[in-house]
**Student:** 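Handing you a structure now.
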Amino acid sequence: MNPGLLLAFDDEQAQAAALAAALQIELALVERHRFPDGESRLRLPPKLPEQVLLLRGLHQPNHKLVELLIALPAARALGAAQILLVSPYLAYMRQDMAFTPGEAVSQRHIAALLGSLVDGLITVDPHLHRIQSLDEVMPGKRGVALSAAPLLGAWVAQQVPGALLLGPDEEALQWVAEAGRCHGLDFAVCHKQRLGDREVRVALPALPLAGRAVVLMDDVASTGRTLVEAALAALAAGASSVDVAVTHALFVGDALAQLRAAGVRQVWSSDAVPHETAVVPLAELIAGAVRAF
Ligand code: R5P
């Protein structure tokens, strides 16, 4: 795709500027006003080119999804015939099956909803665990899932030579394996049992951790409980240090403080979600996918 404009929201200006610079295209902002009752008023540039790239990360998902529901048809009405959505963090991907009878499979419904409004979607490390690709949940639309794992792996290899990459659950195997193979680092995964939003149990893999510099790697950290439990277990097993590297730094509430209290040394993330821990920029990776789309 050869977009004539990058459209982004005014609260994601830093990522938008980096992506526009990588693509060497113009950047325009969607201005937002929040009414006292919680509704949003959006203002887009009054005339849009035929091909538009729209950047919208979906951390704090619910109000951002509503804004997208308004902005996408509005962009079409203002002249955008083709819209490629870049959502570095794609929310609702972890709800990927009905865990109890009657539970909505949000992954399928949110992906289908977005697919009905855009011509394509680029995202980073979506939580694809029970399906192989985004195409399975975005019928008829192309979805590109990039991975930050090689870039995070490069960062880790530089900061902690000889690190053991440890995924806190089996689902993280895809990320630790990719990062480990790219940069010659050992990798393994734990076994996780989730008992509630903030209650998880993590069992270490059967391998010696004494004296190893462990880096916990996962796609997303939300409450941080998964990483806290894995860090406590690794340190109890004799790990010489525990650092954390994640693609999506949600870190809600006191998650970061809890990680530090558990003995975690450094916390690193990609800039898929704007966060103080972001050290790995993704603009060039995303720009490459836009050019190839
Ligand atoms: C789910 O399996 C994900 O990969 C993460 O491990 C999970 O979402 C982390 O959640 P929390 O930080 O709340 O434990």
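All ligand and atom numbering here is 1-based and tracks the order in the structure. All figures in this text were calculated on a predicted structure; none of them were measured in a lab.
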**Student:** Mind running side chain to side chain contact (heavy atoms under 4.5 Å, CB included) on V220 and R94 for me, showing each step along the way?
**Tutor:** CA-CA 10 Å; V220 49; R94 285 169 291 174; 4.0 Å; yes

**Student:** Kindly state each residue pair satisfying ring-ring contact (aromatic ring centres under 6.0 Å, His included) with at least one member in residues 24-76, sequence neighbours excluded.
**Tutor:**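 ring-ring contact (aromatic ring centres under 6.0 Å, His included) check on residues 24-76 returns H33-F35.
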
**Student:** Filter on ring-ring contact (aromatic ring centres under 6.0 Å, His included), then keep only pairs touching residues 2-28, sequence neighbours left out; what's left?
**Tutor:**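 Every candidate ring-ring contact (aromatic ring centres under 6.0 Å, His included) pair involving residues 2-28 fails, so no pair, neighbours aside, qualifies.
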
**Student:** Could you give all pairs that pass the ring-ring contact (aromatic ring centres under 6.0 Å, His included) test and reach residues 78-98, with sequence neighbours left out?
**Tutor:**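 Of all non-adjacent pairs touching residues 78-98, those that pass ring-ring contact (aromatic ring centres under 6.0 Å, His included) are Y89-H248.
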
**Student:** I'd like the residue list for ligand 1, meaning every protein residue with a non-hydrogen atom under 4.0 Å from the ligand.
**Tutor:**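 Residues R94, H127, D169, E171, K192, R194, D218, D219, V220, A221, S222, T223, G224, R225, T226 each place a heavy atom under 4.0 Å from ligand 1, listed by chain and number.
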
**Student:** Using only atom types and a distance under 3.5 Å, with no angle test, would you say the side chain of E136 pairs donor to acceptor with the backbone of Q132?
**Tutor:**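 Present.
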
**Student:** Can you tell me if S147 and D125 form a side-chain donor-acceptor pair at under 3.5 Å?
**Tutor:**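 On atom types as modelled, these side chains qualify, holding a pair under 3.5 Å.
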
